[in-house]
Amino acid sequence: MNNSKLKESNIKWLGKIPDNWKTIKFNALYDLRNEKVSDKDFPPLSVTKMGIVPQLSNAAKTNNGDNRKLVEIGDFAINSRSDRRGSCGISKYEGSVSLINTVLKPINREMNPRYYGWLFKTVEFADEFYKWGHGIVDDLWTTNWQDMKNITLVCPSKTEQNKIADFLDKKVSQIDDISKKIQQEITDLEAYRKSVITKTITKGLNPNVPMKDSGIEWIGKIPTDWSVIRLKYLGSAGNGLTYSPQNMTDESGTLILRSSNIQHGEIVNADNVYVNSSVSKSLILKKDDLLICSRNGSKDLIGKNALINKEFIGSSFGAFMCVFRSKYNQYIYYVLNSNIFKFYVGSFLTSTINQLTKHNLYNLAFPFPQKENERKQIIAFLKEKCENINHLITHKKDQLKLLNQYKQSIIYEYVTGKKPVPTEEGVQE
């Protein structure tokens, strides 16, 4: 594409760039579009990490649909909140977005919006955008137009922009196709795991035992010596701790587990929050407590759960979580990770209420083996089976992670000119 040498841009996030490329301020390419419109006239759009898309069904909706920002085709929109880092894109649609987003219109004819769309999707730009923001804490950190208009961008010639955009459109599409196939394999494995759990906790391990009607149509027949029981007869549930930002502290405080701490059916350290406020004894977690996400903006996360292991004994949990305590929790854990629970949760969630109440949880009915030894056999079988499936899922997710790292790397290297675009024959111009 170019035979020029690299020079120092003197801009940390850009690093070295070709010596025939320029740098330019953001406001030389874009200007603020701040026209207020209604979603009755302009279809609602969502600003996501995947770009600008028609409003997602699980997006948090507001009653103030008449107070939105206009977006036109070719505009760049970015979520100004730091907790939505990387949510941005060049719009293919005319529509409207929520006020939390900054909408910019292109004003420079010597630019290809598709090229800048790739530049803006780099991790390095997201970090630079965040750096120019202001706020009290991370969750309240925003970057507005007055901040971002002075960010320095790179500016190759229009011809070079076109070549880079065309190349990345094709190359990233190929990577994304591979990623989609792997993601489908993960989805299939997760569905298989759920089906194995569901079959085992409804039919048992012995296919030759006599069966009876469970009395629940979507469960069907169960072993004759099993019963159907409601969760309220096996234990008790409790809601989590309410705290304010003023109560948040460093690791010397009490760890408050939240939805983000449950990943792949296990408790992990992720985006940890600690508080210095007193926590009642009933809210201190014990081994084998079942931590459940009971409220969330996303329906898909309602009901995700994990058993408390030794590492997290003594922690507490947030108000959007609940804990179920029972001596049967190792068995109940599999019930809550079966299609029975998935079906049950989906039956009461609505567009306005994303909440699993104690009443809902207590009334979950499911097949229950009366013999302790049979329950132990089922737990041991499912533990081994799920570990094997989880190993395959982890391997697939590692592949996805490496692909994403590769994708991010090539985007950054090509949009900053560190690598020249190859020709169709594979020979660099």
Side-chain angles (χ1 to χ4, degrees), residues 197-198 201-202 214-216 219 222 226-243 254-262 265-268 273 275 277-296 299 301-349 353-376 378-379 382-383:
I197 294 172
T198 303
I201 65 167
T202 56
S214 67
I216 302 176
I219 291 180
I222 62 174
W226 290 22
S227 63
V228 172
I229 194 167
R230 294 190 185 278
L231 207 55
K232 62 184 175 182
Y233 297 115
L234 298 179
S236 61
N239 294 322
L241 177 73
T242 299
Y243 59 92
T254 301
L255 173 62
I256 304 298
L257 297 178
R258 302 173 298 156
S259 175
S260 58
N261 294 107
I262 300 179
E266 296 183 352
I267 305 294
V268 298
V273 164
V275 300
S277 53
S278 60
V279 180
S280 69
K281 187 176 180 180
S282 64
L283 297 179
I284 299 297
L285 292 166
K286 307 171 185 177
K287 188 176 185 305
D288 284 344
D289 277 351
L290 251 174
L291 183 65
I292 307 167
C293 177
S294 56
R295 281 191 287 168
N296 198 282
K299 290 182 184 180
L301 298 181
I302 302 296
K304 79 169 182 172
N305 60 88
L307 288 166
I308 298 300
N309 57 35
K310 290 181 181 179
E311 180 182 355
F312 295 95
I313 294 173
S315 303
S316 188
F317 54 105
F320 283 17
M321 312 294 289
C322 74
V323 154
F324 188 78
R325 289 191 168 127
S326 165
K327 64 180 182 179
Y328 307 105
N329 269 0
Q330 292 219 7
Y331 186 85
I332 294 170
Y333 167 77
Y334 290 109
V335 174
L336 298 191
N337 285 280
S338 71
N339 284 321
I340 291 177
F341 190 56
K342 181 181 178 182
F343 177 92
Y344 176 76
V345 170
S347 69
F348 65 78
L349 292 182
I353 302 176
N354 288 351
Q355 183 174 359
L356 174 63
T357 65
K358 284 200 291 185
H359 174 78
N360 295 137
L361 189 63
Y362 279 152
N363 283 292
L364 169 63
F366 60 94
F368 188 70
Q370 295 298 314
K371 298 176 182 177
E372 181 181 1
N373 187 53
E374 186 173 11
R375 292 196 301 271
K376 287 183 176 179
I378 288 173
I379 291 168
L382 287 176
K383 183 177 180 181

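Just so it is clear, the structure is predicted and the values come from calculations on it, not from any experiment.
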Taking every non-hydrogen atom, the tightest pair across Tyr243 and Gly318: CE2-CA, 4.5 Å
Polar side-chain atom of Ser316 near backbone of Leu283 as donor-acceptor pair, under 3.5 Å: yes
Spacing of CZ belonging to Arg375 relative to CD1 belonging to Ile201, to within rounding of 0.5 Å: 13.5 Å
Heavy-atom closest pair, residues Tyr334 and Ile197: O-CG2, 3.1 Å
Separation between OG of Ser227 and CD1 of Ile229, rounded to the nearest 0.5 Å: 5.5 Å
Test item: Thr198 side-chain N/O and Asn339 main-chain N/O as donor-acceptor pair under 3.5 Å: yes
Between OG on residue Ser315 and CD1 on residue Ile256, distance to nearest 0.5 Å: 8.0 Å
Test log, rule side-chain hydrogen bond (donor to acceptor under 3.5 Å, both in side chains), inputs Asn305 and Asn337: CA-CA 8 Å; Asn305 60 88; Asn337 285 280; 2.9 Å; yes
Residue among Leu285, Leu257, Asp289 satisfying side chain to side chain contact (heavy atoms under 4.5 Å, CB included) with Phe312: Leu257
Nearest-0.5 Å distance that lies between atom CD1 in Ile340 and atom OG1 in Thr202: 6.0 Å
Student check: side-chain heavy atoms of Lys304 and Ser259 closer than 4.5 Å: yes
Derivation of the side-chain contact (heavy atoms from CB on, under 4.5 Å) call for Ser236 and Tyr362: CA-CA 8 Å; Ser236 61; Tyr362 279 152; 3.8 Å; yes
Sole candidate of Leu234, Ile332, Val228 that passes side chain to side chain contact (heavy atoms under 4.5 Å, CB included) when paired with Phe368: Leu234
Within-4.5 Å side-chain heavy-atom neighbours: Ile262 and Leu301: no
Between CD on residue Glu266 and CG on residue Asn309, distance to nearest 0.5 Å: 8.0 Å
Beyond-backbone contact of Leu231 with Phe366, side-chain heavy atoms, under 4.5 angstrom: yes
Asn329 backbone acceptor or donor facing Asp288 side chain under 3.5 Å: no
Rounded distance (nearest 0.5 Å) linking atom CG of Leu290 with atom CD of Gln330: 9.5 Å
Side chain to side chain, Lys358 and Asn239, heavy atoms closer than 4.5 Å: yes
Distance-minimising heavy-atom pair for Leu356 and Ile302: CB-CG2, 4.0 Å
Considering all heavy atoms, the nearest Ser214-Ile222 contact: CB-CG2, 3.8 Å
Exam field: side chain Ser326 to backbone Tyr328, donor-acceptor pair closer than 3.5 Å: yes
Main-chain N/O of Phe320 paired with Ser294 side-chain donor or acceptor, under 3.5 Å: yes
CD/Gln370: more than 12 non-hydrogen atoms of other groups inside 6.0 Å: yes
Shortest non-hydrogen contact from Pro367 toward Trp226: CB-CE3, 3.7 Å
Ring geometry between Phe341 and Tyr344 (parallel below 30°, tilted from 30 to 60°, perpendicular above 60°): parallel
Arg230 side chain to Asn363 backbone, donor-acceptor under 3.5 Å: yes
Closest non-hydrogen atom pair between Tyr331 and Ile379, with its separation: N-CD1, 3.8 Å
